[in-house]
Amino acid sequence: MNNIMPLYQSMLNDLIQKIESGQLPDDSKLPSEQKLGEIYKVSRITVRRALAELENRNYIYKKQGQGSFVAAKDEAINKVHFLDVEKKIEDMGAIPKVELQKFELNIDGSEKRARKELDLTSDDYLYLVQFMYYADDEPVFLEKIFLPFSEFPMIHKSEVENNNKFIPFIAKKYEQRPEFISETEAGLVARNNRKVFNLNVGDPLVNIQKTGIFNGKIVYYSQSTVVGDLIMFIVK
């Protein structure tokens, strides 16, 4: 039994990574149970256990007599409450676009504010994921997300690049659905960030800090800045 668990987990993690990164796209058919067993060098029982887990977590669905298929991501998105910035941009009547600007594993003890919020030491590993959202190609929402590696081990860049909806992605992959608390603060564009948003010094902006709590522990922290007309659609 001790030998099955690592093999099962390794197979499960690899299939999730392939699904989240788009290597296995929506509605694509997985190899047969026999073929999966050969690929991962595991027994048929281990394969069935991994497939059952993927089905329970809505990564795949089964068709009688046909096999297992990759489930659409929209199903997971609908089950998680989060700020859908792309939808807010569409509500403005603009075309949204999302750019992954940074994906880093911080190991040097910096980002002290985030570490304090997440109750991490300078030795703890910390993810930094930064997105810029555009409305009709104009930057309107900058988001920096911090996650403890201990709570979310082995996030792959390919998975993040393929998932504009980051919170549903981590909720599904790690079976964590944090409750979020947000704080907003109005401010003005300054010299150090005017070029980031193509705006003038003194234009309005709003800073948002968000913490996510799961099982009584803060596991998510983000810093965001919103500008322009999007402020009216996000800040209530």
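Residue indices begin at 1 and follow the sequence shown.
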Sorted by chain and number, sequence neighbours left out, side-chain contact (heavy atoms from CB on, under 4.5 Å) with Leu100 holds for Phe103, Val129, Phe131, Lys157, Val160, Glu161

Non-neighbouring partners of Phe214 that pass ring-ring contact (aromatic ring centres under 6.0 Å, His included), sequence neighbours left out: none

Glu183, CD atom: more than 12 neighbouring heavy atoms under 6.0 Å: no

Can you tell me if CD1 on Ile213 sees more than 12 non-hydrogen neighbours from other groups inside 6.0 Å? yes

Closest heavy-atom pair, Val219 versus Pro178, reported as atoms and distance to 0.1 Å, is CG2-CG, 4.1 Å

Check whether Asn56 reaches the backbone of Ala52 with its side chain - one donor and one acceptor, N or O, closer than 3.5 Å. yes

Please list, chain by chain and in numerical order, all residues satisfying ring-ring contact (aromatic ring centres under 6.0 Å, His included) with Tyr59, sequence neighbours excluded. none

With sequence neighbours excluded, what pairs up with Ser32 under the side-chain hydrogen bond (donor to acceptor under 3.5 Å, both in side chains) test? none

What residues, two or more places apart in sequence or in another chain, satisfy side-chain contact (heavy atoms from CB on, under 4.5 Å) together with Ser122? none

Carefully, step by step, assess Gln17 and Asn13 under the rule side-chain hydrogen bond (donor to acceptor under 3.5 Å, both in side chains). CA-CA 6 Å; Gln17 191 271 332; Asn13 290 345; over 6 Å; no

Checking the side chain of Asn162 only, and the main-chain atoms of Ser158 only, is there a donor and an acceptor separated by less than 3.5 Å? no

State the CD1-CG distance between Ile107 and Asp124, to the nearest 0.5 angstrom. 12.5 Å

Taken in chain and number order and not counting sequence neighbours, the residues that satisfy side-chain hydrogen bond (donor to acceptor under 3.5 Å, both in side chains) with Asp91 are Lys87

My understanding is that only residues two or more places apart in sequence, or in another chain, count here; which of them pass side-chain contact (heavy atoms from CB on, under 4.5 Å) with Glu33? Arg44, Val47, Arg48, Leu51

Which atom pair, heavy atoms only, marks the closest approach of Val235 to Val206? CG2-CG1, 3.7 Å

Take a 6.0 Å sphere around CG of Asp136 and say whether it holds more than 12 heavy atoms from other residues, nucleotides or ligands. yes

Got Ile208 and Ile234 here, is their nearest side-chain heavy-atom distance under 4.5 Å? yes

Residues passing the side-chain contact (heavy atoms from CB on, under 4.5 Å) test with Glu117, sequence neighbours excluded, are Arg113, Thr211, Tyr221

Only one of Tyr127, Phe180, Phe166 passes ring pair (Phe, Tyr, Trp, His ring centres under 6.0 Å) with Tyr220; say which it is. Phe180

Can you sort out the partners of Tyr134 under side-chain hydrogen bond (donor to acceptor under 3.5 Å, both in side chains), two or more places apart, ordered by chain and number? Glu99

Are Lys165 and Phe82 in a cation-pi setup, meaning NZ or CZ lies under 6.0 angstrom from the ring centre and within 45 degrees of the ring axis? no

Is Leu24 close to Leu15 at the side-chain level, that is, under 4.5 Å between some pair of heavy atoms? yes

Which pairs would a plain distance check flag for residues 138-156, meaning a side-chain donor or acceptor within less than 3.5 Å of a matching protein atom at least two apart in sequence or in another chain?
residue: Glu151; atom: OE1; partner: Gln176; partner atom: NE2; Å: 3.1
residue: Glu151; atom: OE2; partner: Lys217; partner atom: NZ; Å: 3.0

Please list all pairs passing the side-chain hydrogen bond (donor to acceptor under 3.5 Å, both in side chains) test where one or both residues lie in residues 184-200, with sequence neighbours left out. none

Report yes or no: does Lys172 contribute a side-chain atom to a donor-acceptor pair with the main-chain N or O of Asn58 at less than 3.5 Å? yes

State the OG-CG distance between Ser222 and Leu83, to the nearest 0.5 angstrom. 9.0 Å

Holding to side-chain hydrogen bond (donor to acceptor under 3.5 Å, both in side chains), I want the full list of residues that pass it with Asn106, two or more places apart in sequence or in another chain. Asp108, Ser110, Arg115

Would a distance-only check, ignoring hydrogens and angles, find a side-chain to backbone donor-acceptor pair under 3.5 Å from Asn163 to Glu20? yes

Does Met132 reach the side chain of Val196, with side-chain heavy atoms less than 4.5 Å apart? yes

Atom pair CD/OG of Gln209 and Ser224 - distance to nearest 0.5 Å: 9.5 Å

Around Lys29, counting heavy atoms of other residues, nucleotides and ligands shown, do more than 12 lie under 6.0 Å from its NZ? yes

